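Here's the structure, in structure tokens; my notes come after.
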Amino acid sequence: MIQLTEAATLDIQDEIAVITINNPPVNALGYPVRKGIADGIDQVVQNDQVKAIVITCKGRTFMAGADIREFGKPPLEPMLYQVLETLDECPKMTLSAIHGTAFGGGLETALSCHFRIAVPTAQFGLPEVKLGILPGAGGTQRLPRVIGIDKALKMITSGNPIGATEALQDGLIDEIVEGDLKEAGIQFAKKVLAENRPLIRVSQNDEKIAAAKGNNEIFDHFRKSIARKTRGFQAPENCIKAVEASINLPFKEGLKRERELFTELLKGHQSAAQRYVFFAERQASKIPDFPKDIPLLDIKKVGIIGGGTMGGGIAMNFVNAGYLVTIIETKQEFLNRGLGVIKKNYEITASKGKMSTEDVDKRMSLITGSLNLKDLADVDLVIEAVFENMDLKKEIFSKLDGICKEGAIMATNTSFLNVNEIASVTNRPEYVLGLHFFSPANVMRLLEIVRGAKTDKSVLATSLSVAKKIKKVAVVVGVCYGFVGNRMIAQRGRETGLLLLEGATVDQIDRVIFNFGFPMGPFVLSDLVGLNVGWDDKSSSGSTIREVLCEAGRFGQKNGLGYYKYEQGSRTPIPDPDSLKLIADFSAKKGYEQREIGDDEIIKRAIYALINEGAKILEEGIAVRPSDIDIIWINGYGWPAYLGGPMFYGDLIGLDKVLETIKQFHAKFGDVWKPANLLEKLVAEGKGFKDLT
Ligand code: T1G
């Protein structure tokens, strides 16, 4: 065996050479890997005995892409696209033997080979678009030549992977193999040589794109189909342009065009933000005061108290991950309704072909319904998801303390309330914490894990591990009213409410927030959620705009009237003079002077209120690091990933400019705008939030 580099070896069996990559944890295509492949090919080309090269990887996966940590640093040749040109031109048969996730540059390497085989569990993807870039080593030119334009456009602009079965059907791989992958690779190579099969050089094979040549309508139609989902992101458009080049230019010219479009994105702030988010998401589960090898509790059975919107959504996360779930309700009709909603959700998924009817039955079989808390005696984790009422929660936790087995984790899904107070009614506060899911709980990726003062480290570590298994992005937060996300959005809500009283209109504020990059503005969102959620008509006293609207019977989309009006069966918000009048009358009653308010003031008050509150949250230790706050906002509130999150954005604007504006607001609007001490400190030191990590 020849050690090519510290991450690559070459060994030759009979006439087959095997290049093996070993660069944990994901065989990222850093310099030692690129150099190793290049040197291995050079050695093989000069060896007349060798007729074929198999590229395979040790560890858990085939190459998962370029080493993202190298971006922004001086390039180290050979660059991947150079290595793949050599591989593409190799006169000997080349084969990639794939397991794990052949992503990004890893799949591009495989596409530069004549053949590709894989184990049944392998996945294939070009996720570069999620990093704000595009496949920059020939992926936009080769993939269309292997699976056709339509499928290539979908894979490259979504960044989502496909499995081995689909890859085989699409012609992305030549065979699915079982057993030892390296051996299977050698046997496949021998078979191809013995059959004297023609070597398929992807770059020279235009069969799959011939029909599309000159047909630019495909691309315009595709652009329209993804416009809504990719609004504001630059990378998807460049991806489409690069794939367009694959049918309009000769291969080498297409590579050049791909490189231009890649470089344009790499230099932009969107890619810097999205690469920051990639690592920030993984950093969030790393707790500073945690030793590496904390023993985890064994979680197999989960109890959920409350089968309503939240409880049902939470249950689906666990069922999807294969956990046994017991849902507790107070009445059979509530239980039946809750189980019915879950089943309906799965049936809708099945109707879209995303799961089979057998899957629906299998998942429903994992759920047991009960009206008796005592049926939670054997669960390993219980999650309380009842109304936001402290007395009710304390009553439940007090009962759980007498029911749950020793070592069971007891979690509350509260959105705001004091987890320590809830823990105090039990004799085991070290097993109590918050698991704050975001609605709809089976869709939103964010999970705020609220660490109580006495929460045991193994309980916290187990919760982080469970979060990963149920595919949530978990962020550990401390105890305060609203923890991180809801505490911050309350500041934005304060400002947008005041702006309404001061003369800005509902649709102006919503438009400004939407154009910033959020999925929707605050008032469209309120109408969607329902203005009367948590509203009590008996105690309502017209003291807020929301109460005034509810008292006027305006509950939002659900009854066609809220901040906006809605035509029967439509969700499209229509500005409504009646609600504007109710707001204007309320404002006048409160003594506000109406004035023209510019979009710039609206967005600064809405966004800088988040940045200032985020700084206070960091000062108080409620969040571990600034990037955790950014991850919360991207995954829980729709902050556009291409702007990195409120703290990243503050650094992007410049904290000195942010502080200067906040000081102006402080002078004009009072102490709610008092600058956070941390913000003043960072500006005084000429630093940014990034210097805190
Ligand atoms: N570069 C550097 N580090 C990476 C990495 C990468 N590509 N992928 C993962 N890591 C680190 C990650 O930060 C973590 O580190 C550890 O590996 C485990 O990752 C030229 C330009 C492969 C599906 O975008 O999707 O190729 O926290 O926790 O959940 O066209 O990692 O342990 O210190 O995510 O099992 C394209 C990104 C790059 C793939 C594994 N490729 N990675 O998931 O583990 S650009 C990607 C993933 C490119 C070419 C272009 C996932 C995974 P630490 P993990 P996982």
Side-chain angles (χ1 to χ4, degrees), residues 7 21 23-34 37 57 59-73 75-85 87 98-112 121-143 152 155-156 158-163 235 238-239 242-243 255 258-259 261-267 271-272 274-287 290 292 445 464-465 467-474 625 627-628 631 641 693:
I21 301 302
N23 184 29
V26 297
N27 286 315
L29 278 146
Y31 171 74
V33 175
R34 300 195 304 271
I37 295 172
C57 293
R60 60 177 167 157
T61 177
F62 193 74
M63 292 163 278
D67 187 331
I68 308 171
R69 285 164 304 193
E70 283 185 351
F71 292 138
K73 293 176 187 161
L76 255 181
E77 295 200 347
M79 299 302 288
L80 183 59
Y81 70 90
Q82 293 164 324
V83 174
L84 299 191
E85 275 172 35
L87 182 57
I98 296 164
H99 71 296
T101 48
F103 282 5
L107 181 54
E108 290 175 302
T109 301
L111 285 166
S112 305
T121 53
Q123 290 187 55
F124 309 81
L126 292 174
E128 289 87 340
V129 70
K130 295 181 178 178
L131 299 170
I133 46 179
L134 55 78
T140 64
Q141 308 304 303
R142 288 192 173 90
L143 188 64
M155 267 184 83
I156 293 169
S158 70
N160 295 332
I162 61 173
N238 278 29
C239 288
V243 174
L255 282 183
E258 176 189 83
R259 194 110 212 103
L261 293 162
F262 172 86
T263 307
E264 186 183 298
L265 291 170
L266 191 60
K267 287 181 177 159
S271 174
Q274 290 174 252
R275 280 178 278 127
Y276 159 83
V277 169
F278 174 85
F279 289 112
E281 227 171 72
R282 287 152 180 81
Q283 190 72 7
S285 58
K286 294 181 175 68
I287 311 306
F290 262 37
K292 271 263 181 240
R445 295 182 69 215
L464 281 161
S465 165
K468 183 154 185 163
K469 284 180 188 143
I470 63 172
K471 295 191 175 24
K472 291 299 177 190
V473 175
R625 53 182 79 84
S627 58
D628 284 3
I631 292 306
T693 301

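Remember, predicted model here, so these are calculated numbers, not experimental data. First listed ligand is number 1; within each ligand, the first listed atom is number 1. Just so you know, these numbers use all the heavy atoms, side chains as well, and skip hydrogens, waters and symmetry mates.
Of all protein heavy atoms, the one closest to atom 1 (N) of ligand 1 is Ile68 N, 3.0 Å. For atom 49 (C) of ligand 1, the closest non-hydrogen atom of the protein is Glu108 OE1, 3.1 Å. Of all protein heavy atoms, the one closest to atom 7 (N) of ligand 1 is Ala66 O, 2.9 Å. Protein heavy atom in closest approach to atom 34 (O) of ligand 1: Arg282 NE, 2.7 Å. Nearest protein heavy-atom contact of atom 43 (O) of ligand 1 is Arg60 NH1, 4.9 Å. Protein heavy atom closest to atom 23 (C) of ligand 1, with residue, atom name and distance, is Phe103 CE2, 3.8 Å.
Take Tyr276 and apply the ring pair (Phe, Tyr, Trp, His ring centres under 6.0 Å) test, not counting sequence neighbours, and it matches Phe648.
Only the side chain of Val26 comes within 4.0 Å of ligand 1, judged by heavy-atom distances. Of the heavy atoms in Ala64, both backbone and side-chain atoms come closer than 4.0 Å to ligand 1. Counting heavy atoms closer than 4.0 Å to ligand 1, residue Leu29 contributes nothing at all. Neither the backbone nor the side chain of Phe62 has a heavy atom within less than 4.0 Å of ligand 1.
Within the 4.0 Å heavy-atom shell around ligand 1 one does not find Glu70. Put simply, no part of Gly139 is less than 4.0 Å from ligand 1, judged by heavy atoms. Under the 4.0 angstrom criterion for non-hydrogen atoms, Phe278 is in contact with ligand 1. At least one heavy atom of Lys468 sits less than 4.0 Å from an atom of ligand 1. Contact analysis puts Lys286 in contact with ligand 1, with a non-hydrogen atom separation below 4.0 angstrom.
Protein heavy atoms are absent from the 4.0 Å sphere centred on atom 15 (O) of ligand 1.
Near Thr101, the atoms of ligand 1 lying under 4.0 angstrom from a non-hydrogen atom of the residue are 22 (C). Counting atoms of ligand 1 from 1 in the listed order, those under 4.0 Å from a heavy atom of Pro25 are 16 (C), 17 (O). Of all the atoms in ligand 1, the ones that sit under 4.0 Å from a non-hydrogen atom of Gly65 are 26 (O), 41 (N). Residue-ligand proximity, Asp67 to ligand 1, at heavy-atom distances under 4.0 Å covers atoms 1 (N), 2 (C). Here is the list of ligand 1 atoms found below 4.0 Å of a heavy atom in Phe279: 13 (O). Atom numbering of ligand 1 starts at 1 in the shown order; those under 4.0 Å from a heavy atom of Phe71 are 21 (C), 45 (S). Residue contact check: Pro135 has heavy atoms under 4.0 Å from atoms 30 (O) of ligand 1. Within ligand 1, counting atoms from 1 as listed, the ones closer than 4.0 Å to a heavy atom of Pro127 are 24 (O), 41 (N), 46 (C).
Within the 3.5 Å criterion, the main-chain N or O of Tyr31 finds a donor-acceptor partner in the side chain of Glu70. The backbone N or O of Phe103 sits nowhere less than 3.5 Å from a side-chain atom of Thr101 that would complete a donor-acceptor pair. At distances below 3.5 Å, not a single donor-acceptor pair connects side-chain atoms of His99 with backbone N or O atoms of Gln123. At distances below 3.5 Å, not a single donor-acceptor pair connects side-chain atoms of Lys472 with backbone N or O atoms of Lys468. Panel note: side chain Arg34, backbone Leu29; a donor-acceptor pair is recorded below 3.5 Å. A donor-acceptor pair is defined here as one N or O able to donate and one able to accept, closer than 3.5 Å; such a pair exists between the side chain of Gln274 and the backbone of Lys130.
Paired with Glu108 under the rule side chain to side chain contact (heavy atoms under 4.5 Å, CB included), one option of Thr140, Leu126, Leu143 passes, and it is Leu126.
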Please tabulate, for the side chains in residues 78-85, all donor-acceptor contacts under 3.5 angstrom to protein atoms that are two or more places apart in sequence or on a different chain.
| from | atom 1 | to | atom 2 | distance (Å) |
| --- | --- | --- | --- | --- |
| Gln82 | OE1 | Met79 | N | 2.6 |
| Gln82 | NE2 | Glu77 | OE2 | 3.3 |

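The structure places CD1 of Ile631 at 10.5 Å from OG of Ser285, a figure rounded to the nearest 0.5 Å.
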>> For Glu128 and Arg275: C-alpha separation, side-chain torsions, deciding distance, then whether salt bridge (Lys or Arg N to Asp or Glu O under 4.0 Å) applies.
In response: CA-CA 10 Å; Glu128 289 87 340; Arg275 280 178 278 127; over 6 Å; no
> Hey, mind stepping through Asn27 and Arg60 against side-chain contact (heavy atoms from CB on, under 4.5 Å) and telling me if it holds?
Replying inline: CA-CA 9 Å; Asn27 286 315; Arg60 60 177 167 157; over 6 Å; no
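At least one N/O-N/O distance between Gly136 and ligand 1 falls below 3.5 Å. Residue Gly105 has at least one nitrogen or oxygen atom sitting less than 3.5 Å from a nitrogen or oxygen atom of ligand 1, judged on distance alone.
In summary, the side chains of Ser627 and Gln283 do not present any donor paired with an acceptor at a separation below 3.5 Å, with no hydrogens or angles considered.
In this structure, Arg282 forms a cation-pi arrangement with Phe278, its terminal cationic atom sitting closer than 6.0 Å to the ring centre and no more than 45° off the ring axis.
Minimum interatomic distance between Asn23 and Gly30 (heavy atoms only, all atoms of both residues): ND2-N, 4.3 Å.
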